[in-house]
Each structure stands twice: as structure tokens, then as C-alpha cells.
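First the structure, in the form of C-alpha cells, and then the observations on it.
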Number of protein chains: 2
Amino acid sequence: MVREDEFVALCRSHGLAATHQRRVIYATVASLHGHPSPELIYEKVKKKIPSISLATVYNNVRTFLASGMLREVSMHHGSLRVEPNNHEHHHLVCVRCRSITDLHAKNLGLLRLKTQPRGFRVTRIAVDVLGICAACAAKEVSK
Amino acid sequence: MVREDEFVALCRSHGLAATHQRRVIYATVASLHGHPSPELIYEKVKKKIPSISLATVYNNVRTFLASGMLREVSMHHGSLRVEPNNHEHHHLVCVRCRSITDLHAKNLGLLRLKTQPRGFRVTRIAVDVLGICAACAAKEVSK
DNA sequence: TTACATAATGATACAAAATATCAGATAATA
DNA sequence: TATTATCTGATATTTTGTATCATTATGTAA
Ligand SMILES: [Mn+2]
Ligand SMILES: [Mn+2]
Ligand SMILES: [Zn+2]
Ligand SMILES: [Zn+2]
């Protein structure tokens with residue numbers, strides 16, 4: 001479990017109030033293996049705080065993501081997107097607006113695995129170049 | 001627009017019936033730039049077939065994805081997933097069950113862009129090694 | 001430490017995205 | 001053409017996520 005004073009300092013440094021719910025949510029995420037969904041986190045947190053609301057878990061997961069205290073696995077859109085481009089390519093993904101634009105494969109050096117992962121048959125390697133797109137950068141300057 | 005006989009042959013080779021709706025949906029996707037959502041495809045297709053149902057668009061987009069006639073942009077789960085692992089790492093992503101497991105960054109050769117994309121401030125490069133996980137491979141053999 | 005302003009929580013309503021169901025229509029095959 | 005399997009479209013339902021708002025807790029400064 002995350003120490004109380006450490007958690008307070010961490011929240012302070014991110015401009016967040018250090019609430020009991022936040023401490024338990026944060027500690028729960030840190031204790032989990034894999035890549036949990038808010039619903040799974042909610043199930044785990046409920047064992048410590050039975051009265052907690054799913055909305056509070058969502059609110060705080062999003063607050064942690066926005067503040068940088070937690071990261072998200074994928075920066076893609078949440079909903080299904082179809083790929084009409086059949087050429088071999090990768091993507092530029094904006095971490096602010098989640099816009100996705102194509103990037104020719106030749107813009108990246110040769111990709112290869114040093115060791116083959118055991119029990120996993122590799123079919124393709126997809127690269128996301130993450131960052132801030134021009135539109136979002138412009139908005140940032142004008143603020 | 002995709003030629004009628006070509007489309008029929010394409011469907012035939014994927015074991016699908018060549019319906020009018022499918023032809024229009026497929027041609028619409030091919031005509032679009034970017035990475036459209038089923039809802040956007042639906043809006044475009046409705047101009048050609050006003051009576052079409054959103055469910056039909058969803059059904060056929062998923063049929064195309066399952067058959068390999070179309071690809072999906074991201075093989076990640078549709079819903080939000082949190083990353084508890086703060087170390088620099090990449091992911092093995094199963095294209096069947098969408099399970100995501102961590103892959104140490106050192107298993108990949110140095111990643112770098114040959115040319116910086118104009119107007120895009122790169123912050124990080126995320127790699128998904130796509131393929132079939134052991135569990136899904138086992139299911140495939142037993143079939 | 002107390003008082004107060006600000007921010008967070010939890011209950012619930014709402015919305016978006018996706019899937020299930022099924023009667024009737026259409027396509028593949030013979 | 002007739003038969004069968006598949007597909008379509010209308011609609012209901014589920015899943016995932018967001019908005020609202022009264023109540024409660026936190027941070028700060030007197
Ligand atoms: Mn693309
Ligand atoms: Mn990970
Ligand atoms: Zn952007
Ligand atoms: Zn799998």
C-alpha cells in the first residue's frame with residue numbers, strides 16, 4: 001500500500017486533493033497486474049470502500065490520466081475505426097485530440113525483435129508515434 | 001467505385017455473399033480518407049441507400065474485419081485500460097482475443113524516425129507486436 | 001482550531017457505442 | 001426455377017462512459 005504522506009505529496013505535486021477514495025484507487029491500480037479497466041478497478045476498490053460509486057472510480061481514473069499520475073494503455077479512439085489504407089504504414093497519434101494520421105513505413109528504421117516472444121506467433125509490428133499535433137500545439141500557444 | 005465483377009470475386013474468395021449493401025459499404029470505406037468510424041460510414045452510405053440500417057453497417061464492417069477484407073486501426077480493447085507499469089515497455093497484442101502483455105523495451109532494436117514529421121511534436125514511440133497468443137493458438141489447433 | 005471556500009463524492013439520469021433478436025428479403029446453388 | 005442459407009432492417013438490449021447536483025470532505029488562512 002502507498003504510504004499516506006507519499007500519496008499526499010504526490011497529489012500535492014499534481015494539484016489534486018488527497019482524498020481517501022483517491023488513495024485507495026491509486027493503490028489498487030498499482031497493485032494490479034495487466035491492464036485493468038475502470039470496471040475491474042471498481043470491483044477491487046469496492047472491497048475496501050463498499051459505498052464507492054462507479055462514477056467516482058471513472059472520475060478519478062480520468063483525473064489521474066489527465067494529471068499524469070497514471071497512463072492509459074492506448075491513445076487511440078475508444079470506438080472502432082476502419083483502416084482504408086492497405087499500404088504498409090504506421091501512425092502519428094495525437095495524445096490530446098487522438099487524431100490519427102498515416103506515416104509511411106519508410107520513415108522508421110528497420111524494426112525487429114531481438115528475441116522471439118515464447119508462445120506468441122508474431123504477424124505484424126505496429127508503431128504509434130505519439131505526440132502533439134499541429135492543431136493542438138496551436139491551441140496550447142494561444143492559451 | 002469498385003467494379004461489380006471484381007467485388008463479387010472478392011466476396012467469393014472470402015466466402016461472403018455479394019450483396020448490394022456490402023458493395024456500397026466497401027466502396028464507401030475505400031473512398032474515405034482517414035480512419036472512419038462505423039457511424040461515419042453509415043452517414044455516407046445512407047446517401048446511396050437511404051433505407052440502410054446502422055446495424056447493417058456494423059454487421060458488415062465486422063464481417064469485413066473478420067474475413068480480412070478490411071482492417072481495423074487498433075487491435076486494443078475498445079474500452080479504457082489503465083497502465084500500472086511505469087517502466088519503458090511495449091506490448092504483445094493478440095489479434096484474436098486482444099490480450100495485452102508487456103514486452104521489455106530492450107527486446108526491440110533502437111527506434112528512431114528518419115525524418116521528423118512536420119508540425120507534430122513527438123513525445124514517445126509505442127510499439128505493438130501483433131500476433132496470436134499461446135491460448136488462441138491452442139484453440140486453433142484443437143479445431 | 002475553527003471557519004470558510006473550493007473541490008470531491010455518490011446517487012442517479014443520460015448518452016454513446018456496440019450487440020442481439022428475429023421476421024421478412026435476398027443471394028447462392030442446384 | 002426452387003430450395004436453402006444467408007443477409008437485411010427494425011428494434012430492443014447491453015456495455016461503456018458522461019452529466020447533474022445535493023451532500024460531504026479537503027485545503028487554507030485567520
Ligand atoms: Mn492508417
Ligand atoms: Mn503495459
Ligand atoms: Zn491533436
Ligand atoms: Zn489470444
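The sequence lines fix the lettering, A, B, ..., with proteins before strands; numbering per chain opens at 1.
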- Task: Could you grab the distance from atom CG of A/L80 to atom CD1 of B/I41, nearest 0.5 Å is fine?
- Result: 7.5 Å

- Query: With ILVMFWY side chains joined below 4.5 Å, transitively, what does A/L113's cluster contain besides itself?
  - Reply: A/L92, A/L103, A/L108, A/L111, A/F120, A/V122, A/I125, A/V127, A/V129, B/L92, B/L103, B/L108, B/L111, B/L113, B/F120, B/V122, B/I125, B/V127, B/V129

- Is any side-chain N or O of B/S53 closer than 4.0 Å to OP1 or OP2 of D/dT8? no

- Query: Please, which pairs that meet ring-ring contact (aromatic ring centres under 6.0 Å, His included) have at least one residue in residues 45-70 of chain B, sequence neighbours excluded?
  - Reply: B/Y26-B/F64

- Can you find a side-chain donor-acceptor pair between A/H76 and A/D128 that sits under 3.5 Å? yes

Might you list the N or O atoms of the protein lying below 3.5 Å from N or O atoms in nucleotides 12-20 of chain D, with each pair's distance?
from	atom 1	to	atom 2	distance (Å)
D/dG17	OP1	B/L80	N	2.6
D/dG17	OP2	A/Y58	OH	2.6
D/dT18	OP1	A/R62	NH1	3.2
D/dT18	OP1	A/R62	NH2	3.4
D/dT18	OP2	A/R62	NE	3.3
D/dT18	OP2	A/R62	NH1	3.1

- Task: To the nearest Å, give me how far apart CD (B/E72) and P (C/dA17) are.
- Result: 15 Å

- Out of curiosity, A/Q116 CD to A/R121 CZ, how far, rounded to the nearest 0.5 Å? 12.0 Å

Per-pair distances, 0.1 Å, donor-acceptor, side chain in residues 7-21 of chain A, under 3.5 Å, sequence neighbours excluded:
from	atom 1	to	atom 2	distance (Å)
A/S13	OG	A/L10	O	2.7
A/H14	ND1	A/L10	O	3.0
A/T19	OG1	A/R22	N	3.1

- Rounded to whole Å, NE2 of A/H76 lies from P of C/dA17 at a distance of 17 Å

- Message: Using the side-chain hydrogen bond (donor to acceptor under 3.5 Å, both in side chains) criterion, which residues pair with A/H35? Sequence neighbours excluded.
- Response: B/E83, B/H91, B/D102

- Query: Counting distance only, does the side-chain N/O of A/R71 pair as donor-acceptor with the main-chain N or O of B/N86 below 3.5 Å?
  - Reply: no

- Item | Atom pair distance, as rounded to whole Å: NE2 in A/H77 and C1' in C/dA16 | 14 Å

- Message: Using a heavy-atom cut-off of 4.0 Å across all strands, would you classify A/T63 as base, sugar-phosphate, or nothing?
- Response: nothing

- Message: I'd like to know if the side chain of B/R81 and the backbone of A/P36 have a donor-acceptor N/O pair within less than 3.5 Å.
- Response: no

- When the distance from CZ of B/R98 to C1' of C/dA18 is rounded to whole Å, what number comes out? 12 Å

- Task: To the nearest Å, give me how far apart CZ (B/F64) and P (D/dC7) are.
- Result: 10 Å

- Query: Could you state the CG-P distance from B/L40 to C/dA17, rounded to the nearest angstrom?
  - Reply: 12 Å

- Message: Rounded to whole Å, how long is the line connecting atom CG of A/N60 with atom P of C/dA7?
- Response: 15 Å

- Taking CZ from B/R22 and C1' from C/dT26, how many angstroms apart are they, rounded to a whole number? 11 Å

Report all interatomic pairs (protein N or O, nucleotide N or O of nucleotides 24-27 of chain D) with separations under 3.5 Å.
from	atom 1	to	atom 2	distance (Å)
D/dG27	OP1	A/A18	N	2.9

